[in-house]
Amino acid sequence: MDVEGTPVFRFAPGPSGPLHLGHTRAISLNAEYRDVYNGKLILRIEDTNPNAIDESAYDLIPKEMEWLDAKPDEIFIQSDRLDIYYNDIKTLLAAGHAYVTSTPAEEWRDLKRNSKSDKYRDLSPKEHLDAFERLLMKGSGIVVIKTDLEDPNPALRDFVAFRVVEDKHPRQGSNHRLWPTYNFAVSIDDYRLGITHVLRGKDHLNNTERQKWIYKYMGWKEPHFIHYGLVSMPDTLLKTSEIKQKISEGVYEGWADCQLATVQALARRGFKSKAIRKFWIAGGIKEVDITFSWPNLESVNKSLIDSKSKRLFFVPNPIQFSFETPSEIQKTAPFHPDIPEWGVRSETISSNSHIYLSKDDISSLTSGDIIRLKNLCNVTFHDDKLNYHSIDNIKGTPIFQWVSDKNMNLSLHYPNGKKDIGLVEDYAIKHIQETVQFERLGFVTLSDSKVNLTAFYLHK
RNA sequence: GCUCCUGUAGUGUAGUCCGGCCCAUCAUUCUGGCUUCUCGAGCCAGGGACUCGGGUUCGAAUCCCGACGGGAGCACCA
């Protein structure tokens, strides 16, 4: 990357709701470059469309960035900066680089499609400045940046800089009716905030070309524009508006519902911000479009948490067995197979104890089979009881996790919406909010729930 | 339709600028084997790609041309 001095990066979302997986790429990449080059990362909230704003996003976005280890160095909110935009457009109007028109939208678009000039386009700067002042107060119309009407790319011919939105703005109330559009506000801010590197998705390629017109007219030096390819995320709902809709319909319990790919949900399931960061960095910033892969992300996460997660037994769909043994037996199960310092989960099992096994595990067993209760002993399986068989491992014996009466109810929620009800060792209560591994099942994050224990499935 | 971007295994990625060290890297997935107190774990092995067709060259994933494929934009959204 081309860097001189202190590079300044930015993340510039619209405040339509909490952040999701899709946002994390821009955040991770920008934050990584900030860190590596000792630069700055600016968060700029782009709230210039009064009717696409979720007020909670103003607080949530900085918090979620912080969770992602991407705490912004500075935060700007575009709706606080309208005077700046007004000033700059006046400069452009005065220089004849922009115009005000009241031509109806459809008609105006048609003219552009045919490379034709709007009838107001060539009025004098004075007349446009007056029209602009009027538009601030009343009337209808738009302010347009002149480009090249003959541009072969129809997307690049004259673009809107301001339009009238009468709706009340959550932060600014009804003080303003003339709002800048994305392309205008972005150009002005990227320059005035000293952004040196604009790192964003390829979908902005045309926007970049539009924004360059403003830099050119203002005589400003352009930042480095870098575009990375688009990511398609199959089976992952990332449209904020749609998520919001489904939450209100009760399809999801909220933004942190573990079926969602919001930052909140990922965090609650136990994804590490570092894993997300590493994943996107490994992806790089090429302009090729890519397909997102959960297994790849999960693998990164797993390598990060494996040696930090305690092991516990969880028995989904438990079946109760009585247990018969000539003498008491000691369960000695390490909290982690490779970390003896963490100690063991131990308890004494006698003939008074019940043992619970998962229905899924025993479905293929027949009476008389020998199985091993992990970290305890071998038993002979009968329809409703287990008889002590021997203590040492027997080659080829299936090994199952189990719980005794020292258990707690737990419901395990999967990202696909399914739920397992089962029993977990009571050690679980000491590890609320932690990510642990349910042996033979996968990593989960334990969550406090007033009624009974809940866990969210992370990955294998 | 117009314009722009892009094309290495199922997925992601290295190599492409400055042609030979690439019968193409790493990770993940998949398959097989081994292992036994996670067989939904661990270990090992294997399969799997330069989109296609021309050209330049002693030599091309790398350069040129064409075709085809994928994506985006053409909003008074961001």
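Values in this document were obtained by computation on a predicted structure and should not be read as measured data. The chains referred to below are lettered A, B, ... by the order of the sequence lines, with proteins before strands, and numbering in each begins at 1.
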Ionic contact status for K202(A) with D289(A), cut-off 4.0 Å
yes
Would you mind reading off the distance between E298(A) atom CD and G40(B) atom C1', rounded to a whole angstrom?
13 Å
Please tell me which of L373(A) and L156(A) maps to the more 5' nucleotide of RNA chain B, matching each residue to the nucleotide holding its nearest heavy atom.
L156(A)
Nearest to the side chain of K202(A), which nucleotide is it out of G73(B), C5(B), U38(B)?
C5(B)
Assign W179(A) to base, sugar-phosphate, or nothing according to its heavy-atom contacts below 4.0 angstrom with the strands shown.
nothing
Under 4.0 Å between any heavy atoms, over every strand shown, what does P15(A) touch: base, sugar-phosphate, or nothing? Just pick one.
nothing
Atom NZ of K244(A) with >12 non-hydrogen neighbours under 6.0 angstrom
yes
When you measure from the side-chain N and O atoms of R109(A) to the phosphate of C74(B), is any distance below 4.0 Å, counting only OP1 and OP2?
no
Under a 3.5 Å limit on both distances, the Watson-Crick or wobble mate of C68(B) is G7(B)
Y228(A) atom OH is separated from G71(B) atom C1', nearest whole Å, by 15 Å
Hey, is R311(A) close enough to E434(A) for a salt bridge, meaning N to O under 4.0 Å?
no
With rounding to the closest Å, how many angstrom separate the C1' atoms on A41(B) and G73(B)?
48 Å
Does C34(B) pair with anything, Watson-Crick or G-U wobble, both distances under 3.5 Å, and if so, with which nucleotide?
G42(B)
Any donor-acceptor pair, under 3.5 Å, between the side chain of Q437(A) and the base of U38(B), if you only look at N and O atoms?
yes
Could you tell me the separation between the CD atom of Q211(A) and the P atom of G73(B), rounded to a whole number of Å?
15 Å
Strictly below 4.0 Å, heavy-atom distances to any atom of RNA chain B: list the hits from residues 278-294 of chain A, or just say none.
A282(A), G283(A), K286(A), E287(A), V288(A), D289(A), I290(A), T291(A), S293(A)
Can you tell me, in whole Å, how much space there is between the P of U8(B) and that of U3(B)?
25 Å
Rounded to the nearest 0.5 Å, the CG atom of L193(A) sits from the CZ atom of R81(A) at a distance of 4.5 Å
If we call it a pair only when both distances are under 3.5 Å in a Watson-Crick or G-U wobble match, what pairs with A60(B)?
none
Between R157(A) and A75(B), does any side-chain N or O lie under 4.0 Å from OP1 or OP2?
no
Salt bridge or not for E150(A) and R157(A), using N-O below 4.0 Å?
no
Between H336(A) (NE2) and G42(B) (P), how many Å, whole number?
11 Å
Tell me, yes or no, whether the heavy-atom count around K278(A) atom NZ, taken from other residues, nucleotides or ligands under 6.0 Å, exceeds 12.
no
Under 4.0 angstrom, heavy atoms only, what part of the nucleic acid is T103(A) near: base, sugar-phosphate, or nothing?
base
Sorted by chain and number, sequence neighbours left out, side-chain contact (heavy atoms from CB on, under 4.5 Å) with E32(A) holds for V36(A), R277(A), I281(A)
Within the structure, does a side-chain N or O atom of K374(A) lie under 4.0 Å from either OP1 or OP2 of U38(B)?
yes
Under 4.0 angstrom between T181(A) side-chain N/O and C77(B) OP1 or OP2:
no
Greater than 12 external heavy atoms within 6.0 Å of N175(A)'s CG
yes
C43(B) and U36(B), which share atom name P, separated by this distance in whole Å:
15 Å
Reckon N296(A) touches a base, only the sugar-phosphate, or nothing at all at heavy-atom distances under 4.0 Å?
base
Using a cut-off of 4.0 Å on non-hydrogen atoms, how would the nucleic acid contact of H204(A) be classed: base, sugar-phosphate, or nothing?
base
Under 3.5 Å for both donor-acceptor distances, Watson-Crick or wobble: does G48(B) have a partner, and if so which one?
none
Does a salt bridge link E425(A) with K331(A), judged by any charged N lying under 4.0 Å from a carboxylate O?
yes
Mind calculating the distance between CG (D203(A)) and C1' (U6(B)) to the nearest angstrom?
14 Å
Under 4.0 angstrom between K395(A) side-chain N/O and U36(B) OP1 or OP2
yes
How far, in whole Å, is G20(B) from U57(B) if one measures between their C1' atoms?
11 Å
Mate of C22(B) where both pairing distances stay under 3.5 Å, Watson-Crick or G-U
none
Considering only the P atoms, how many Å lie between U28(B) and A45(B), rounded to the nearest integer?
13 Å
Whichever of I394(A) and A105(A) has its nearest RNA chain B nucleotide further upstream toward 5'
I394(A)
Using a 4.0 Å heavy-atom cut-off, does I142(A) contact any base of the nucleic acid, only the sugar-phosphate backbone, or nothing at all?
base
P gap between G53(B) and A60(B), integer Å
14 Å
At 4.0 Å (heavy atoms only), tell me whether T48(A) reaches a base, stays on the sugar-phosphate, or touches nothing.
sugar-phosphate
Could you tell me the separation between the CG atom of N183(A) and the C1' atom of C74(B), rounded to a whole number of Å?
12 Å
Any carboxylate oxygen within less than 4.0 angstrom of a Lys/Arg side-chain nitrogen, looking at R44(A) and D190(A)?
yes
Would you indicate what P337(A) reaches in the nucleic acid, counting non-hydrogen atoms under 4.0 angstrom: base, sugar-phosphate, or nothing?
base
Once you apply the 3.5 Å cut-off to both distances, tell me the Watson-Crick or G-U wobble partner of C17(B), or none.
none
According to a strict under-4.0 Å criterion, is K302(A) in side-chain N/O contact with OP1 or OP2 of G42(B)?
yes
Within this structure, what is the CG-to-C1' distance between N207(A) and U3(B), rounded to whole angstrom?
14 Å
In whole Å, what separates the P atom of A75(B) from that of C23(B)?
50 Å
Using a heavy-atom cut-off of 4.0 Å across all strands, would you classify D151(A) as base, sugar-phosphate, or nothing?
nothing
Look at E439(A) together with R345(A) and state whether they make a salt bridge at an N to O cut-off of under 4.0 Å.
yes
Is any side-chain N or O of R440(A) closer than 4.0 Å to OP1 or OP2 of C39(B)?
yes
Using a cut-off of strictly less than 4.0 Å, decide whether R113(A) has a side-chain nitrogen or oxygen near OP1 or OP2 of A75(B).
yes
Round to a whole Å and report the spacing from CD1 of I399(A) to P of U35(B).
14 Å
If I pick the P atom on C21(B) and the same atom on G15(B), what distance separates them, to the nearest angstrom?
16 Å
Check D110(A) with R113(A), please: is the shortest side-chain N to carboxylate O separation under 4.0 Å?
yes
Looking only at side-chain atoms of R163(A), point me to the closest of C77(B), U11(B), C74(B).
C77(B)
Answer with base, sugar-phosphate or nothing: what part of the nucleic acid does G396(A) contact at a heavy-atom distance below 4.0 Å?
base
Does any nucleotide pair with A75(B) by Watson-Crick or G-U wobble geometry, both distances under 3.5 Å, and what is it?
none
Is there, by distance only and without an angle test, a donor paired with an acceptor across the side chain of N393(A) and the base of U36(B) below 3.5 Å?
no
